[in-house]
Amino acid sequence: MDTGKKMLESAQDIIIKTANRLGFREDMVKRLLEPNAIHEVNFSVGNKIYKGFRIQHNNNLGPYKGGIRFHQNVSREEVQALATLMTIKCAVAGLPYGGGKGGVVVEPKGFSESELEGLSRAYVRAIAPFIGQDFDVPAPDVNTNPKIMAWMVDEYVKNVKTQSSNVRSDKKQLNKLRATFTGKPISIGGSLGRTEATGRGGVIVLQSLISKLHNNVIPNSFRDLLSKNQMLKQVQHDKQLTVAVQGYGNVGYYFAKLAYEEGFKIVAVSDSKGAVLVNDGLNPDTTLNCKKEKGTVAGCYCRGSVCDIRFGRTISSESLLELPVDILVPAALENVINETNMKKIQAKIIVEMANGPVTEEAYEYLTEKGVIIVPDVLANSGGVSVSYLEWYQNMRNERWSENEVNEKLKIMMEKAFSAIWEKASGHKRLDLKRAAFEVAIERIVKKWQSHV
Ligand code: GLU
């Protein structure tokens, strides 16, 4: 089965199980499975034709929210799965948003800047009728970034202006229109702290989890399982924890950098071209500079400010996942921990910074073994949380300092973690994913019931 289909099946399967466990009516469960709208668009750039999607899954809690990815594996099923996960993620994060996602089937690596701009603008012209600051708010995702958001929002504003002659063009009105996209550059209404937000949010959640383990705030029901997990001993003896990060894009890099600054030892990182292992711990910033020079982290054995072949060795991206580290952080693509490698995973905590990196089978297997998996809908929700703060600033014509944004993010992430930890504490095993889905579905259905 292709990965998109598998991902959609997994997301729907958890929703069905969770909603049944919570005793919700069948029609409500169905409404949570099927998206409200699926927009499939075909558009041209020069003489090339592209297929794109914008899928609006659920807007019970507020406008649809979610990124746009450019990738050759984009499919209707994949985008639908990701839109579904956005509904859950926004509810977990406590945001007044529903879930949506967009994608274009394209391999953008090797595109010139002007080709990328043409593609971004053409896609926005195709989806412009379906989005808006109060209705559906896109953002960056895989292979898209603030620069691409700048082209997209510019095209969107132009489009709105040509459609309606009574759009005022004062600053306030422009800011509101720009709120249709988040993850923008600062100069056109982006928020300070947005670029780092996904990585920062992940580190905050990881620290919250470790502090529970450290203080031994563990419900009796899963104490036995966790005692198999050497992690508890290590955390409680204040040992420096080792981390391997798969993916060195915006999410992986900032996770590594901020975790390093918080005292974790980053022993391995990878990108799509290869991986490095530095047993004594690498410096994420020097590694990034080296990657910029070489085009890959492979060969970047960087400690402190120096990179030297004697510090480490090159390994494959697959073997990075199987290293005997305390914490494994898949921060690239979906389904990388699956039936074929789950038995070889040695990490004690997995932080899902990508969307859907652990398949359902692998999740079940590893959870039974006592591995603590922090699910994507919680771990990577820092990105959409600061997207919300950006949208909020635009809608009110405000601008906040980076500190203010970071402080608000910390409060939001800690609150989201606490609700899920508390929910999981009532379960028989430490299953943060089920708990997250329960918290989210309860919030969505409660809002629903207040409408009918
Ligand atoms: N693409 C990111 C995600 O999957 C961010 C979405 C957003 O900011 O709307 O969470």
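Atom set for the values below is all heavy atoms of this structure, side chains included, hydrogens, waters and symmetry mates excluded. Here the structure is a predicted model, which means the values were calculated and not measured. Each ligand, and each atom within it, is numbered from 1 in the order the structure gives.
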Is Lys410 salt-bridged to Glu414, going by a charged N under 4.0 Å from an acidic O?
yes
State which residues pass side chain to side chain donor-acceptor pair (under 3.5 Å) with Glu404; sequence neighbours excluded, sorted by chain then number.
Lys408
Any protein N/O atoms within less than 3.5 Å of an N/O atom in ligand 1? List the atom names and distances, or say none.
residue  : atom   : partner : partner atom : Å
ligand 1 : 1 (N)  : Pro140  : O            : 2.8
ligand 1 : 1 (N)  : Asp141  : OD1          : 2.7
ligand 1 : 4 (O)  : Lys89   : NZ           : 3.1
ligand 1 : 4 (O)  : Lys101  : NZ           : 3.1
ligand 1 : 4 (O)  : Asp141  : OD1          : 3.4
ligand 1 : 4 (O)  : Asn355  : ND2          : 3.1
ligand 1 : 8 (O)  : Arg194  : NH2          : 3.1
ligand 1 : 8 (O)  : Ser387  : OG           : 2.6
ligand 1 : 9 (O)  : Lys65   : NZ           : 2.7
ligand 1 : 10 (O) : Lys89   : NZ           : 2.6

Please evaluate residues Glu107 and Arg69 with respect to the criterion salt bridge (Lys or Arg N to Asp or Glu O under 4.0 Å), reporting the C-alpha separation (whole Å), side-chain torsions for both, the decisive distance (0.1 Å), and the verdict.
CA-CA 11 Å; Glu107 166 54 282; Arg69 64 169 58 180; over 6 Å; no
What orientation do Phe70 and Tyr123 show, parallel under 30°, tilted 30 to 60°, or perpendicular over 60°?
perpendicular
Could you check, using the six-membered ring where one of them is a Trp, whether Tyr388 and Tyr97 have ring centers closer than 6.0 angstrom?
yes
Have Trp400 and Glu398 got a donor and an acceptor in their side chains that come within less than 3.5 Å?
yes
